[in-house]
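Quick note: numbers below take in every heavy atom, side chains included, and nothing from hydrogens, waters or symmetry partners. Just so we're on the same page: letters track the sequence lines, and every chain starts at 1. Please read these numbers as outputs of a predicted model, since none were measured by experiment.
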Amino acid sequence: MYLNISPFRLYKTLAPRQRSGRNSMAPKPTKNKTPSVDPNGIFTGMSVFLVENGVQNRRLQIWKQKLVQMGATIEERLSKKVTHVFAMDLEALLQQIDRERLARFKGPSLPYSPPDLNKNITEIFGKLINIYRALGDDRRSFSYYKAIPVIEKLPFKIESMEQVKGLPGIGKSMLDHIQEIITTGKLSKLEHFETDEKVRTISLFGEVWGIGPATALKLYEKGHRTLDDLKNEDTLTNSQKIGLKYFDDIKTRIPRHEAQEMELLLQKVGEDILPGVIILCGGSYRRGKASCGDLDVVITHPDGKSHIGFLSRYVKRLKDMKFLREDLVFTNHSEEVT
DNA sequence: TTACGGCTCGC
DNA sequence: GCGAGC
DNA sequence: GTAA
């Protein structure tokens with residue numbers, strides 16, 4: 001059992017959080033009772049209002065239950081007692097506020113999102129993320145990835161290294177980079193990468209599904225320079241050939257409404273094969289994005305066992321009807337009882 | 001100097 | 001066992 | 001790359 005917090009945004013309000021029972025002698029919750037309330041739960045003292053807008057009902061129920069279990073109290077209306085507001089996203093929250101005409105309600109304080117004052121820096125770091133990943137230096141790539149949100153949160157334009165010294169994820173090299181960017185407007189390191197044919201080629205090849213840093217390097221060393229060159233390369237794996245063949249298609253994002261149509265189709269076909277099967281799209285679609293890079297699909301069945309053997313039949317059906325065309329990878333996970 | 005995620009699949 | 005994707 |  002786990003608690004997935006991510007889809008909800010937590011908007012802290014101005015109301016003081018009442019701490020209660022923190023240091024009391026209250027016993028730990030008993031193990032045999034699932035819905036018991038933990039007086040020392042992490043949400044103790046929170047008065048929560050849930051914006052139901054855009055949240056699936058079942059999910060809402062689970063959330064209420066968990067919040068209460070972990071010490072929170074649920075408020076039915078957005079009163080002054082409320083210390084925290086949960087909403088699917090800012091939009092849902094604003095709609096709710098509008099609906100309740102809460103102009104006079106003091107709070108919630110909306111998440112502060114400064115305009116990208118330091119876009120000059122984060123844009124360059126963003127490019128380095130991709131380059132280092134293409135080169136196989138995931139660790140370094142990840143370091144830039146972590147530095148970006150730290151810089152983005154700053155409410156001012158960085159004008160000297162002192163202003164960012166000591167920030168988490170900003171070490172000596174980052175400071176040097178920032179210094180160079182604020183004085184010259186560019187980063188010679190990046191300029192170098194971007195003009196380097198080897199780096200450029202490896203980055204390009206790495207965009208093909210199934211080609212990673214090692215393979216990209218080998219292909220480069222073989223003399224390949226363009227995607228066209230790769231078409232004549234017979235060492236490519238099946239996945240890589242497909243990745244190449246559908247290079248543009250795979251990169252094309254899926255508009256949300258299309259993802260929605262596909263989800264519906266997937267559900268219908270699933271129901272046809274196995275009544276009662278639950279099929280939902282997750283990932284960026286579930287998070288409400290306007291477009292999706294791919295479609296993540298979760299398949300379950302309430303009886304906990306008839307999922308066995310479902311996937312292969314399902315995939316076959318989807319291929320027969322030409323919804324699916326190719327395979328990049330196979331898995332047999334769903335064939336097993338576990 | 002060391003850790004930075006762990007697992008499955010293709011080959 | 002390596003490379004790759006998630 | 002950063003941080004321990």
> Who clusters with A:F323? Use side-chain heavy atoms, under 4.5 angstrom, across I, L, V, M, F, W and Y, and order the result by chain and number.
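Answer for A:F323: A:I254, A:M262, A:L265, A:L266, A:V269, A:I273, A:L274, A:V277, A:I279, A:L295, A:V297, A:I299, A:F310, A:L311, A:Y314, A:V315, A:L318, A:M321, A:L324.
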
> Mind listing the residues from residues 214-227 of chain A sitting with a heavy atom below 4.0 Å of DNA chain C? Number order is fine.
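Heavy-atom cutoff 4.0 Å gives A:A214, A:T215.
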
> Go through the structure and list residues passing side chain to side chain donor-acceptor pair (under 3.5 Å) with A:D138, not counting sequence neighbours.
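Listed in chain order: nothing, the list is empty.
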
> Excluding sequence neighbours, so at least two apart, what forms side chain to side chain donor-acceptor pair (under 3.5 Å) with A:K157?
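Listed in chain order: nothing, the list is empty.
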
> Check nucleotides 6-10 of chain B against the protein and report each pair of N or O atoms closer than 3.5 Å, with its distance, or say if there are none.
residue	atom	partner	partner atom	Å
B:dC9	OP1	A:T331	OG1	3.2
B:dC9	OP1	A:N332	N	3.4
B:dC9	O3'	A:F330	O	3.1
B:dG10	OP1	A:F330	N	3.2

> So does A:D176 pair up with A:K172, basic N to acidic O under 4.0 Å?
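Salt bridge present between A:D176 and A:K172.
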
> Quick check on contacts: within residues 122-145 of chain A, what sits under 4.0 Å from DNA chain C by heavy-atom distance?
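Here the set is empty: none.
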
> Taking only residues two or more places apart in sequence, or in another chain, which ones meet A:D296 in a salt bridge (Lys or Arg N to Asp or Glu O under 4.0 Å)?
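Listed in chain order: nothing, the list is empty.
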
> Apply side chain to side chain contact (heavy atoms under 4.5 Å, CB included) to A:D137 and list each qualifying residue two or more places apart in sequence or on a separate chain.
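A:Y132, A:R139, A:R140.
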
> Can a donor-acceptor pair be found between the side chains of A:S141 and A:R133 at a distance below 3.5 Å?
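No donor-acceptor contact under 3.5 Å links the two side chains.
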
> Check side chain to side chain donor-acceptor pair (under 3.5 Å) between A:Y145 and all other residues, then give those that pass, not counting sequence neighbours.
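A:Y145 satisfies side chain to side chain donor-acceptor pair (under 3.5 Å) with no other residue.
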
> For A:K172, answer base if it contacts any base atom (sugar-phosphate contacts may also be present), sugar-phosphate if it contacts only those atoms, and nothing otherwise; contact means non-hydrogen atoms under 4.0 Å.
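Since only primed, P, OP1 and OP2 atoms lie under 4.0 Å of A:K172, the category is sugar-phosphate.
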
> For A:K165, check side chain to side chain donor-acceptor pair (under 3.5 Å) against everything at least two apart and list the hits.
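For A:K165 there are no side chain to side chain donor-acceptor pair (under 3.5 Å) partners, ignoring immediate neighbours.
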
> Below 4.0 Å from chain A heavy atoms, what is the first contacting nucleotide of DNA chain C and what is the last?
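It runs C:dG3 to C:dC6.
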
> Sequence neighbours left out, what passes side chain to side chain contact (heavy atoms under 4.5 Å, CB included) with A:A147? Give chain and number order.
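For A:A147 the side chain to side chain contact (heavy atoms under 4.5 Å, CB included) partners, ignoring immediate neighbours, are A:F125, A:I170, A:M174.
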
> Rounding to the closest angstrom, what is the interatomic distance between B:dG5 and D:dA3 at atom P?
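It comes out at 15 Å once rounded to the nearest Å.
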
